Amino acid sequence: MLKYDVVIIGGGPAGMAAGLSARKQGAKTLIIERDTRLGGILNQCIHQGFGLHYFGEEMTGPEYANRFRKMVESEDIDVMLESMVLSLDDNKKLTVLSPTAGLCEIQAGAVVLAMGCRERTAGAIALPGSRPAGVYTAGMAQKICNIDGYLVGKEVVILGSGDIGLIMARRMTTEGAKVKLVLELMPYSSGLKRNIVQCLDDYGIPIKYSHTITKIVGNPRMTGLYYAPVDEKRRPILEEEKYISCDTLLLSVGLIPENDLLNGTSVEMSRVTNGAVVDENRMTSVEGIFSCGNVLHVHDLVDNVSNEAEIAGKSAAEYALGKANRSSEKVSVTACDGVRYALPQSVCKGEGEVKIFFRVCNVYKNVKLVAQCGDRTIFSKKYMVLAPGEMGSITLDKSDIDGDLVLRLEK
Amino acid sequence: MKYDVIVIGGGIVGTAVLDRLAKYNLNIMLLEGEDDVASFSTRANSGIVHAGYDCEPGTLKARFNVEGNALLWRDVEELDVPHLKCGSIVVAKVDGIDGINKLRDKAIANGVDVEVWDRAKTLEFEPNIADDIEYSLYAPSAGIVSPYQLAIGYADRAVTNGASITLEAKVEGVDKIDGGYILHTTKGDFECGIVVNCAGANGAKVNDMANAEHYDTTYRRGDYFVLDNTERKNINTVIFPLPTAAGKGILVAPTADGNVIYGPTAVDTNDSTDTSSSLDSLDELRRNVPLSIKNPAFNKCIRVYSGLRTIIGHDFIIGESSLCKDFYMAIGICSPGLTSAPAIAEHIESLVCERLGAKLKDEYVTVMPRHKRLNELDADTLNALIKEDNSWGRIVCRCEKVTEAEIVNAIHSPLPASTVDAVKRRTRAGMGRCQGGFCGPRVMEIISRELNIPLNQVRKGGGAEIARYKVKEVE
């Protein structure tokens, strides 16, 4: 059986950063990637907007990925490509299927989960109507467009305002397609403000909030769809149903961390993030299993993914090499009053700084984010606007944290 | 070339008929209008192998259901089609005992083994039933099968034994000629001695083309939820409510591929092509499923779909037309059509073979080679396969764990899969929780490579390409 100090599952931005950081600690490191190359979804994100925070320069997804790929290749890090982890258990034993190594078992000292996320589908939201060619997730259309060089259609409607949907609205437009309408169930966008501006507004693409699709029409090819505004319970108001012709519907209705592999483990999961519950080292409830990137919680910016993965990779190496030296006394971090979640969900008591990431439940204007230990406020900050589509973060001094921590919003 | 027999329609009935006729020294052909068999009603079937307790005694439905049940359980073994003889229960509240007893009486008349259970006994078998369920009727001979894989299995065995199948050959006219028929199709004309009309939703239309008996047809649409395979552990058996005039009702059932389905509804329509699910109908499922089971998991839905039952009167129409000699019919095959199909096929087989004095072939493949599926291979076998062909080690569909080798095998199977949907029905690639979001483009690439066609000619199914246009090219 193969043995590694640290095995990283997934070779996207999270996996590569985790691998580099584990190797830096001297751990014998393996990255297992399903695709034929490292880089993950970044390889198909040919637009600008990556790296401003991490590298201090703006680059495309493939450029960002390539920068990391070169670093991985120059280090003594093993990489298994076209390989898929079939099972993982609490003892950090993995079963892997690969065209070169066959079906093999690997024993890891520590495991870093970096599998990313998948897109919510038409089926998952029980979209009514026919099931023709022309209905795709935005990411699949992006792959076909940017990697394979083909366009899925010419008259497009997009459901959901997630970032990939917005990016694809612009991409399809520049390729000569007509993006007729974007529909968003919620009264606000789930994507970044800058993408609404740069991908829709700049191209005159209309977006209707609080609207949804009531029926897909056409068979075998999509010919159009019915849509309607929704009431406060998000039920369509059928009296106001309208029809629009289109040959393509792209879905950008949410991303789901792809944690199916954890079924064989006892890793505790969060029902809010759909990722593991972790401490600030990104260690899960199972000692030696770490999680980072979009498999932990869905990020807006890859730069944050890289930073988070470095923490996970370093901690995993320290754990595997027996160098982990941290207080075992943990306090919980929870969210309430308008804060949807806070991550990490626990923090080890001790010295130094800790960064807490959070998302809010709704769009809030002129609010104060407060971090409290018991009755004591240890941090507060005023925001002009907080929106669910933008992940926020605060940095706390650990020495201030003497008990369970709560993040909440105040007027 | 003149065929002895042409079967019209590649649904479960047509493929089963072709399979049975392929045992004989006959020159036979199946014509299917779509680009794969099992492309319309069969692919949307619940996949329940019915025991036969609820058909009116004395009807063709009762006869063929009971006969078909036994034949089907044998066929799935020979053809290596996913199935599970998990039994079924009809559940009823305290006021439903009369309904349960009535079903038991019908079962006895039809020669079907059943047991009436109280709540305690039912709970032992199916712990997830709703809190107010007091009785159930248990039928041990019921179970589940993959309906499309059964039809594909029949088609593959028929082709292996020398039968022909022409896809995308939609019959548009039937002319009687001396000694047989000419069928005009979208793929040209076909001449034969005997026609077997198994055209499903178009069965009555084909009858009209041949000037055979005219039948008025109605259609009943049924919507379903398909749940993630993580829910399979919560459902052990097929759970029916008490039947009504509209049919067997909304069931909760495992599928042979390891998912769970809720459905179907029963929405009457005159449109023979309407397989579009609706908000109302899906809401009906949301309201009614909790009557049978507790804690329904609608949030674990990975797909909604809809299928069409074709209804002509109250019973199946099976046999030779009295108006057109050598024109045989197996139409109006609504529920329990899937279970009945092998028995209907053997009945047609006996009629046609007697008419033609057909003789059995000397060589005939009864047991088809096992399908190799990744999740059924042990480590040594798998590693030996990978050594020979490393595409066995390359997973394309991550959700259902389908390898490239399985997809290539499907594309080159006896009845080749040429579309993404056809590959999906044979391998399950794209049937999991990401619904082909990741593997879709990979499957397209493999089809493009294996069939040597450009990527923008790869079709989803039903004749529609997925990525029709090229991105702008730079000189």
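When reading the values below, keep in mind they use all heavy atoms of this one structure, side chains included, and skip hydrogens, waters and symmetry mates. Labels below follow one simple rule: chain letters A, B, ... track the order of the sequence lines, proteins then strands, and each chain is numbered from 1. Note that the structure is predicted; figures quoted are calculated from it, not measured.
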Legend entry - E445(B) portion near chain A, given a 4.5 angstrom heavy-atom threshold: side chain
Inset, instruction - With a 4.5 Å cut-off on heavy-atom pairs, point out which of A141(A), S130(A), G139(A), A101(A) contacts chain B the most. - result: S130(A)
Inset, instruction - Ignoring hydrogens and angles, tell me if any N or O in the side chain of R131(A) forms a donor-acceptor pair with the backbone of S306(B) under 3.5 Å. - result: yes
Legend entry - Heavy-atom contact with chain A under 4.5 Å, split by part of K470(B): both
Inset, instruction - Kindly check if the number of other-residue, nucleotide or ligand heavy atoms within 6.0 Å of NZ (K170(B)) is above 12? - result: no
Legend entry - Close side-chain approach of K154(A) to R468(B), heavy-atom, < 4.5 Å: no
Inset, instruction - Could you look at P132(A) and say if it's the side chain, the backbone, both or neither that has a heavy atom under 4.5 Å from chain B? - result: backbone
Legend entry - Atom group of L279(B) that falls short of 4.5 Å from chain A, counting heavy atoms: both
Inset, instruction - Tell me, yes or no, whether the heavy-atom count around N452(B) atom CG, taken from other residues, nucleotides or ligands under 6.0 Å, exceeds 12. - result: no
Legend entry - Passing candidate, side-chain contact (heavy atoms from CB on, under 4.5 Å) with F438(B), options T137(A), I41(A), D35(A): I41(A)
Legend entry - Residue selection (most heavy-atom pairs with chain A, distance under 4.5 Å) from R398(B), E465(B), K460(B): R398(B)
Inset, instruction - Report the option among P236(A), G129(A), C104(A) that has the most heavy-atom pairs separated by less than 4.5 Å from atoms of chain B. - result: G129(A)
Inset, instruction - Output the option from L282(B), T230(B), D283(B) having the highest count of non-hydrogen pairs under 4.5 Å with chain A. - result: D283(B)
Legend entry - Point-to-point distance, once rounded to the nearest 0.5 Å, from CZ of R34(A) to SG of C439(B): 11.5 Å
Legend entry - Min side-chain heavy-atom separation I386(B)-T100(A) under 4.5 Å: no
Legend entry - Steps toward salt bridge (charged side-chain N to carboxylate O under 4.0 Å, His left out) verdict (E175(A), K472(B)): CA-CA 6 Å; E175(A) 285 300 335; K472(B) 289 175 184 169; 5.3 Å; no
Inset, instruction - Answer yes or no: does atom NZ of K93(A) have more than 12 heavy-atom neighbours from other residues, nucleotides or ligands under 6.0 Å? - result: no
Inset, instruction - In sequence, state the C-alpha distance, the side-chain angles, and the governing distance for T121(A) and R433(B), and then conclude on side chain to side chain contact (heavy atoms under 4.5 Å, CB included). - result: CA-CA 8 Å; T121(A) 66; R433(B) 55 182 71 90; over 6 Å; no
Legend entry - Shortest non-hydrogen separation from G440(B) to M140(A) and the atoms involved: CA-CE, 4.1 Å
Inset, instruction - Can you tell which part of N375(B) gets under 4.5 Å to a heavy atom of chain A, answering side chain, backbone, both or neither? - result: neither
Inset, instruction - Considering non-hydrogen atoms only, spot the tightest contact between A464(B) and P220(A) and give its length. - result: CB-O, 3.7 Å
Inset, instruction - Between chain A and each of L382(B), L374(B), N383(B), count heavy-atom pairs under 4.5 Å; write down the option with the most. - result: N383(B)
Legend entry - Residue, of L238(A), T174(A), N219(A), L103(A), that accumulates the most heavy atom pairs under 4.5 Å with chain B: L103(A)
Legend entry - CZ-OG1 distance between R442(B) and T36(A), expressed to the nearest 0.5 angstrom: 8.0 Å
Legend entry - Evaluation steps, side chain to side chain contact (heavy atoms under 4.5 Å, CB included), between R394(B) and M84(A): CA-CA 8 Å; R394(B) 202 173 289 125; M84(A) 180 150 163; over 6 Å; no
Legend entry - Engaged part of I256(A) at the chain B interface, taking heavy atoms whose separation is under 4.5 Å: neither
Inset, instruction - Report, as yes or no, whether the 6.0 Å neighbourhood of atom CZ on R286(B) holds more than 12 heavy atoms from other residues, nucleotides or ligands. - result: yes
Inset, instruction - Supply the atom-to-atom distance T403(B) OG1 to L97(A) CG, rounded to the nearest 0.5 angstrom. - result: 8.0 Å
Legend entry - Rounded distance (nearest 0.5 Å) linking atom CD of E119(A) with atom CD of Q435(B): 12.5 Å
Inset, instruction - Working to the nearest 0.5 Å, report the span between SG of C301(B) and CD1 of I125(A). - result: 10.0 Å
Inset, instruction - Output the option from V471(B), D223(B), N390(B), L455(B) having the highest count of non-hydrogen pairs under 4.5 Å with chain A. - result: V471(B)
Inset, instruction - May I ask you to name which of A124(A), P128(A), G102(A) has the most heavy-atom pairs under 4.5 Å with chain B? - result: P128(A)
Inset, instruction - Spell out the residues in residues 245-252 of chain A that have some non-hydrogen atom less than 4.5 Å away from a non-hydrogen atom of chain B, in order of number; otherwise answer 'none'. - result: D247(A)
Legend entry - Positions in residues 270-277 of chain B that reach chain A, provided some heavy atom is under 4.5 Å away: T275(B), S276(B), S277(B)
Inset, instruction - Report the option among A122(A), P99(A), G176(A) that has the most heavy-atom pairs separated by less than 4.5 Å from atoms of chain B. - result: P99(A)
Legend entry - Which portion of I466(B) sits near chain A, non-hydrogen atoms under 4.5 angstrom: both
Inset, instruction - Can you check whether anything in residues 142-152 of chain A gets within less than 4.5 Å of chain B, heavy-atom wise, and list it by number? - result: K143(A), I144(A), C145(A), D148(A), G149(A), Y150(A), L151(A), V152(A)
Legend entry - Greater than 12 external heavy atoms within 6.0 Å of K233(B)'s NZ: yes
Inset, instruction - Could you list the residues that satisfy ring pair (Phe, Tyr, Trp, His ring centres under 6.0 Å) with Y305(B), not counting sequence neighbours? - result: Y224(B)
